[in-house]
Amino acid sequence: CLVGSEMCIRDSGNGTGIAGFSGNGGAIYIRNCSDTLFVKNSLISGNTTTSFGGGIYSYSINSPSSVNILNSTISGNLANLGGGGIYSISHYTSHSIIITNSNILGNIVSSGEGGGVHSASNSFSSSCTSSVNIRGSIISGNTASGQGGGIYSRSRSFSSSSSSSSSSIIDINKSIISGNTTSGQGGGVYSRAYSHSSSSSSSTIYLKKSTISGNTSSGHGGGVYSISTSPSPNNSSSIIDIKRSTISGNNNLTGHGGGVYSYAISISDVSLISSTVSGNTTSGNGGGICSASYNTAINLSLIHISEPTRQ
């Protein structure tokens, strides 16, 4: 447990432990850290918590923070309420999770969101951003009973200022998101941004040279799910930008968008360049891609889309 400082874990063996009843962070708990939690060349495996963060729990308030995972494996951890592998949340500010050349494998959330990774940001008076960056990594075999089997990112603003914004950003590059499962939306990747007043909201997912495959959701978005909502009809956008990537073999059981699902009140924009969308299944609309809003755009260039499959 560390409060209010930088923390670095390097070249460690198996960090295992069991957090106490109603505790957070099965292996690592860090609170109000104004800098960065570094985990390098390490293994965090087989940890359990009855609350949040089976492997890692990070909490910050009023100061930006970051969780940075490099050349490490986080596997087989269990959380009851959220973040089977990693749980990071900030209040009144923004934060980021950066995962590079690492594996997030087989983590479980029994009653919440983010089987592998859970990122959330809240603000009542200013802008806030939840950011997840994945580079050269594998996120596979994770399970959530809520939303986001592999990755979950959510930003929420209660600010009454029209200049404030709520943003959820997931950036995936040269990575594999596969075999993750959720009983909610977004089997592989889930992003949501919403505001409760006049502030704007945007949910953005970037995929580059990556594979989203074999993920399953009970609801919308077997592979990828993005949603942005705001009381103002002109202030929300959902953007999914896919380049040189493959989205294949994903499935949803009861919703829409077997491969990709995007929704926003204002603008929903799905862009694919030099990519393949194939073998995805859905019980609803859009076996490969489902995009919905008052202003919907699907931009295609040099892609291969197989025949959408309906169950």
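Given the structure is predicted, the values throughout are model-derived calculations rather than measurements.
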Verdict with supporting geometry, Y59 and H91, ring-ring contact (aromatic ring centres under 6.0 Å, His included): CA-CA 8 Å; Y59 173 93; H91 294 290; 5.4 Å; yes
Worked check of side-chain contact (heavy atoms from CB on, under 4.5 Å) between R154 and S119: CA-CA 6 Å; R154 186 265 298 158; S119 174; over 6 Å; no
Is there a side-chain contact (heavy atoms from CB on, under 4.5 Å) between D171 and R135 once you walk through the steps? CA-CA 8 Å; D171 192 344; R135 297 287 183 272; 3.1 Å; yes
N251 vs T282, test: side-chain contact (heavy atoms from CB on, under 4.5 Å). Steps then yes/no. CA-CA 6 Å; N251 175 44; T282 181; over 6 Å; no
Show your working on side-chain contact (heavy atoms from CB on, under 4.5 Å) between S238 and Y263 and close with a plain yes or no. CA-CA 6 Å; S238 172; Y263 174 82; 6.0 Å; no
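For the pairing with V224, the side-chain contact (heavy atoms from CB on, under 4.5 Å) check across I289, I177, I205, I170 returns one residue only, I205. Applying side-chain contact (heavy atoms from CB on, under 4.5 Å) to N180 and the options T143, V189, T216, N215 leaves one that passes, N215.
Counted by atom type alone, S60 and S90 present zero donor-acceptor pairs between their side chains at under 3.5 Å. For the 3.5 Å distance criterion, the side chains of S140 and S178 qualify, holding a donor opposite an acceptor. Using a 3.5 Å distance cut-off with no hydrogens or angles, the side chains of S153 and S130 do pair a donor with an acceptor.
In the hydrophobic clustering (ILVMFWY side chains linked at under 4.5 Å, chained through shared members), V109 stands by itself. Other residues sharing a hydrophobic cluster with I239 under the 4.5 Å side-chain heavy-atom criterion for ILVMFWY residues do not exist; the residue is a singleton.
In this structure, N122 and I89 have side chains that are in contact, with non-hydrogen atoms separated by less than 4.5 Å. Looking at heavy atoms from C-beta onward, L207 lies in side-chain contact with I247 at the 4.5 angstrom threshold. I44 places a side-chain heavy atom less than 4.5 Å from the side chain of I28. Residues I97 and S131 fail the side-chain proximity criterion, which asks for heavy atoms closer than 4.5 Å. With contacts defined as side-chain heavy-atom distances shorter than 4.5 Å, the pair N173/I134 does not qualify.
The CG atom of N68 sits 6.0 Å away from the OG1 atom of T100 when rounded to the nearest 0.5 Å.
Relative orientation of the Y29 and Y57 rings is parallel, given thresholds of 30° and 60° on the angle between their planes.
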